[in-house]
Amino acid sequence: MHYNFNEIEAKWQKYWADNQTFKAENNSDKEKFYVLDMFPYPSGAGLHVGHPLGYIASDIYARYKRHKGFNVMHPQGYDSFGLPAEQYAIQTGQHPAITTAENIKTYRRQLDQIGFSFDWSREVRTSDPKYYKWTQWIFIQLFNSWYNKDSDKAEDIETLIATFSSDGNANINAVCDDDIESFSAADWNAFSNKEQQEILLKYRLTYLADTEVNWCPSLGTVLANDEIVNGVSERGGHPVIRKKMTQWSMRISAYAQRLLDGLNTIDWPQPLKDSQTNWIGRSQGASVTFKVLTQTDLPLTPSQGGGTERNPSGQVISDNNQAPSQGKGTERNQSNQSDSDVTVNPSQGGGAAPHYVTGDADLYAMLLDRAKEMRKNPTAAEAKLWEVLRDKKLESKFRRQHPVYKYIPDFVCIEKNLIIEVDGDIHDYQVDEDAQRQLVLEEKKGFKVIRFTNNEVLNDIESVKQKIETTLNSPSLGGGRGEVPSDAREIEVFTTRPDTIFGASFMTLAPEHELVAEITTAEQKADVEAYIQATAKRSERDRMADVKTISGAFTGAYAEHPFSKEPIPIWIGDYVLAGYGTGAVMSVPCGDQRDYDFAKHFDIPIPNIFEGVDISEEAFADKDNTVIANSDFLNGLKYKKAVKLAIYELEKLGQGKGKINYRLRDAVFSRQRYWGEPFPVYYDESGMPQMLNKKFLPLALPEVDKYLPTETGEPPLGNAKKWYWLQYGEEGKVVSKEEFENSSPSGRLGGDLELNTMPGWAGSSQYFNRYMDPHNEDAIFSEEAINYWQDVDLYIGGSEHATGHLLYSRFLQKFMFDRGYVPKDEFAKKLINQGMITGTSAFVFRLDLKDYTDSLDKLVQGRKYSKEEEEEIKKFVQKNNNKILVSKNLLNSEIYPNSDFGSGQLQVFSNFPKLENVLKLRFPELKNLLDGILISVVKLHANVSFINASNELDIEAFKNWLPEYKDAVFILNNGEKYDASSLPLGEGRGGVYTVGREVEKMSKSKYNVVNPDDIVAEYGADSLRLYEMFLGPLEQSKPWNTAGITGVHGFLKKLWKLYHSGENGAFHVSDSPPSEGSGEDLKTLHKTIKKVEEDIENFSFNTSVSTFMICVNELTAQKCTSRAILEPLAILVSPYAPHIAEYLWACLKLGADFNMDNLPADYKGISQVDFPVFEPKHLVESSKEYPISFNGKMRFTMELPLDLSKEEIEAAVMAHEKTQQQLQGRTPKKVIVVPGKIVNIVG
RNA sequence: GCUCGAGUGGUGGAAUUGGUAGACACGUUGGACUUAAAAUCCAAUGGACAUUAGUCCGUAUGGGUUCAAGUCCCAUCUCGAGUACCA
């Protein structure tokens, strides 16, 4: 019998399927083991040989673990939502579900024929409504959760609502939007339902927000950060722009620290952990608040120009021409500042009025004059109260007699929208007018007005003060005047180097920073606006590509250094990114190269604050060797201490605190696609999003006529005729717009459904848990199932998912853990990234010919051709251009010039002298004319299926494939011609055409894709499995070369022969005890058991294939036929080559004539047999072949018993004749003896 | 630029803790069998000199530690992956 792999493999695959051999039970006495592959996206192209690599590795491991007595779950499924099926739908109109189903069928067939031990009863498909029901359910759970920083976990939104209604939000420590105003319990309870919903949305873990997103116009959808590579879309490479859209987002940033910490608890590849760490991007430092100085705060002229400057009010403020950063700061006078603020007249200011100008513009000048008058003559009560309010004594800044609208109230706190009036006697007759004025201020201008009488102020200032304080702290007080935040005149920066704060000689804001317009002075306005426009024009990509160019603009504004109180200029520059930190930096040119370059470029001073460091050439960024100087209280300190002290001092000033910043942003969760999970969300009458009740899930994807966005630019679901939610009580359904509008409003719930769908990672972030109980219709999985299977023990997949799928899955696992659904907060204990299998492209080499007789170079070379010669050349070129293909060995150079190579034939031939000779030989008419032709060599991909193991081209197949070369001339490696005319007798006289080979990514366009179907048909699944493992280490990227498969295929044949040593290759094993032959067979077996076991545990599958080969070679040489050896061997091999192992096992157990269709009822396949146990006693050696080296160089070996002592070994070695020969009479200085290892003689 | 990983025959790759470098294969060359091919089997195969013995050189390069270095340390070069003005 010969090894008929096709028949064997088909039969046993059927046997496994029929018997559900690999079905895993959810309750078992055995220990569980969960082996998982990243489920594939079923693409139309089907599998190539690179795809199964990881599946084969995991399958070997799963089978091995079954042999080791584990209850192994090894499921498989499909990540079947996604773009390609949708693009195909757009092009052809075929529903993505149909495309997907077809592709899955192909995948399944291809997977089945490789013999995986998948438990297909657990298959999931993300696009199956029964599956995405639970994806929608998870979304609802996220919506109904918030992140409590105090307990450091996600909690039910109800706990938040309970706290709101009992205590307001003052003491809530949550991860939430940053624009939340504080409110009391009373406020909360007084809010309308809509207001409450709006507030809750700012806390939910998935929330609807206007976010700046990466919009890809070509794809018509937004992309997550991890879907963008080098500024263009990962799929298709389309440009991406920033755009504001209302989108669902996931508050993954809440988990930044835990995602980081969790990495220490899992056995994942370091590069993958590194890239997650990088992606999360934690940096520790401080946030520092800089006050922006107003014009009048500045003692000195801000601009570089000379001469006297005027402030906008026309008042001469300085004739001092010193640059501000060099000048001394003068003491600032707070009360002066307050007063002088109002002297700014907006009508002359040039730009937008400063935010504190609240007076009516038309009346402003008049009001201002009156206000000034009034300030000079305060009443006693006003003066007394001013003493309490001025200089921020109550934390909030008050202004007195400050014009507001048409009035001049006594005291105003603009930041808090609070007006304080002191009613003197004089006002008594004015009650009506005051009431009117209050109404206007409160209703129209949004101020709160509180009044005190003169008496109250004069007699009980304490209670007045208290009342003002209470009012100031009341959350009902507005947060300031609309668009201008209360801290508008402060700039917050994040820095990792607070120790270098005294080196900050300027500040830089991102051009997009919200304060830029506000602080820019009139003189600088033009500059700044021009710069902002210039940066806005540049695409993300340009900005990234061009990081060398330094650009920026001065705003004219200054900030106050928190410690030195010096004014420092505020610049804008596009090297500061709006999206990171606060979009502003304190620039320390001496300690940061970018700041340094910027300062150099714009001639900004670079103060040196490092001891003994030269910064004349570049910045000094080395933290470890830092000693701070010129920095007041930080002088002489090292980095760590200086950081601590700087933060401490900043905290004392209230201008900073230690802070940890993360790069990780919340994940945008909406996609404007059709082929994805619909959100279980409708929008009610007030426009607020509402979740569908769980019992209405799944909300199935609607049918649409076309898969493109609607004419109004809405996502494809906008095309659906029925996409309204209509619900009365317990009954709900999806209806058309008409049906909804015609339904009775009484008791009706519902509204239009969400038009976006979920992104690709939605369905893949918990699928590993769904496998545990995939058919459960009441829950995502049962408690019993999750508690039994717990988590994935081994996860194998590609590293390209490092910052996408794998990060989101960890995030969702932690969320599920917080909410008590899963027992583990990391879903996969161990993860391995399989490497990519690259293709080995094949090339033929075409000669491109060009008539060279007219060329200028010809004259330079001084060669002249006769008319006849020129004719001859022209004729030849015309006939043979692009028609001559030469064998690789004629191009005996590593340089293959392409068609652009134009420096003349001389260089071509100096590179390829062999080619020149051959051409002269084969085309005798050209013998003296070759100089007249410009020849360049062009590489062409040839389909790898035409290439044999020796890199020889099947010329006829190639010609059939590319008919344009039907009449081409092939010049073979022996210099012979092979062309249409030389057929059929010519045949190139034994020559062959050798192709060039290069490793490239496997791709259709490179014609180097190898289909596993072909391999399986020709060599069998077991050969494919073995060869994929044999190629090299699992994690490593390595090239596929089909030729090499003969090695492992030959091994399988040898293995077969070992069991078929009978007459005519009949199956034969002997029951005689082992070691009857050479006595070495047990040693061979146990050596193999040991090595294979170690290899599998270490995922070193390539070396165990070698081990099998060695084992079979040895047993063959030993003529082993012993059942005691061959049975364990079959088990050892079975994880790798399960089909042949199953067959041999059946022969061993039932005899070679067993009937596949009628196996004994109690027959157990090889997969259910225990793994052989390694017994060290078989490997005990009595002697060792010692390498004897001299000065570390091995010279010869000698066999010595292992039980010799060091001294005995030394004596034996020294006595050896070869030792004496090596020493040539010298006496060794030293003899190193390592028993059982080596002897080294020094001297 | 930064972070990580890797450089070993013609090729894929072995060498788990420093201890016989190149296991196991592919390819190549020679041979056997065959009308021939395929298949199979045998032998050789890091390089150089010698070709009988043997000698020297060899794990990207240059240093170092050690009785002994592919393996450990330092520097340099090259390639790959990730990331990128992250303050």
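Proteins come first, then strands; the chains are lettered A, B, ... in the order of their sequence lines, and each starts at number 1.
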**Interatomic distance at P, rG18(B) relative to rU11(B), whole Å** = 29 Å
**Message:** Counting Watson-Crick and G-U wobble pairs with both distances under 3.5 Å, what is the dot-bracket string for RNA chain B, 5' to 3', using [ ] for crossing pairs and | for pairs to another strand?
**Reply:** (((((((..(((......[....)))((((((.......))))))((((....))))..(((((..]....))))))))))))....
**Residue whose closest nucleotide on RNA chain B lies nearer the 5' end, Thr495(A) versus Asn278(A)** = Asn278(A)
**Item:** Atom C1', compared across rG13(B) and rG22(B): separation rounded to whole Å
**Value:** 10 Å
**Prompt:** Rounded to the Å, how far apart are Asp274(A) CG and rA84(B) P?
**Reply:** 15 Å
**Message:** Does rG10(B) have OP1 or OP2 under 4.0 Å away from a side-chain N or O of Arg997(A)?
**Reply:** no
**Message:** Regarding Glu1210(A) and Lys1206(A), does a basic nitrogen lie under 4.0 Å from an acidic carboxylate oxygen?
**Reply:** no
**Message:** Under 4.0 Å, heavy atoms only, any strand: does Lys273(A) hit a base, just the sugar-phosphate, or nothing?
**Reply:** nothing
**Asked** Under the criterion side chain to side chain contact (heavy atoms under 4.5 Å, CB included), which of Ile1045(A), Ile1015(A), Thr1046(A) is the partner of Ser1023(A)?
**Response** Ile1045(A)
**Request:** Just call it for Lys1229(A): base, sugar-phosphate, or nothing, with non-hydrogen atoms closer than 4.0 Å on any strand.
**Result:** nothing
**Prompt:** Does Arg1195(A) place a side-chain N or O at less than 4.0 Å from the phosphate oxygens OP1/OP2 of rC56(B)?
**Reply:** yes
**Asked** For the ring pair Tyr1027(A) and Tyr1019(A), is the centre-to-centre distance below 6.0 Å?
**Response** no
**Prompt:** Mind checking the C1' distance from rG19(B) to rU71(B)? Whole angstroms is fine.
**Reply:** 11 Å
**Message:** Suppose you measure atom C1' in rC86(B) against the same atom in rU3(B); what distance do you get, rounded to whole Å?
**Reply:** 14 Å
**Item:** Nucleic acid footprint by protein, nucleotides 19-27 of chain B - heavy-atom cut-off 4.0 Å, B for base, S for sugar-phosphate alone
**Value:** BB--BBSSS
**Asked** Would you say rG13(B) has OP1 or OP2 under 4.0 Å from some side-chain N or O of Gln1036(A)?
**Response** yes
**Prompt:** Phe1190(A) has an atom CZ; how far is it from atom P of rC56(B), in whole Å?
**Reply:** 12 Å
**Asked** Roughly how far apart, to the nearest Å, are rU40(B) and rC49(B) at atom P?
**Response** 35 Å
**Asked** Once you round it to whole Å, what is the distance between C1' of rA87(B) and CZ of Arg497(A)?
**Response** 11 Å
**RNA chain B: 5'-proximal contact among Asn1191(A) and Ser1100(A) (nearest heavy atom)** = Ser1100(A)
**Request:** Grab the CD-P distance between Gln276(A) and rU83(B) for me, whole Å please.
**Result:** 12 Å
**Asked** Hey, is the side chain of Lys1038(A) poking within less than 4.0 Å of OP1 or OP2 on rG12(B), counting only N and O atoms?
**Response** no
**Item:** Selection from rU3(B), rA84(B), rA87(B) that lies nearest to any side-chain heavy atom of Thr496(A)
**Value:** rA87(B)
**Prompt:** When the ring planes of His805(A) and His801(A) are compared, do they come out parallel, tilted or perpendicular, using 30° and 60° as the limits?
**Reply:** perpendicular
**Geometric class of the Phe1190(A)/Phe1196(A) ring pair [parallel <30°, tilted 30-60°, perpendicular >60°]** = tilted
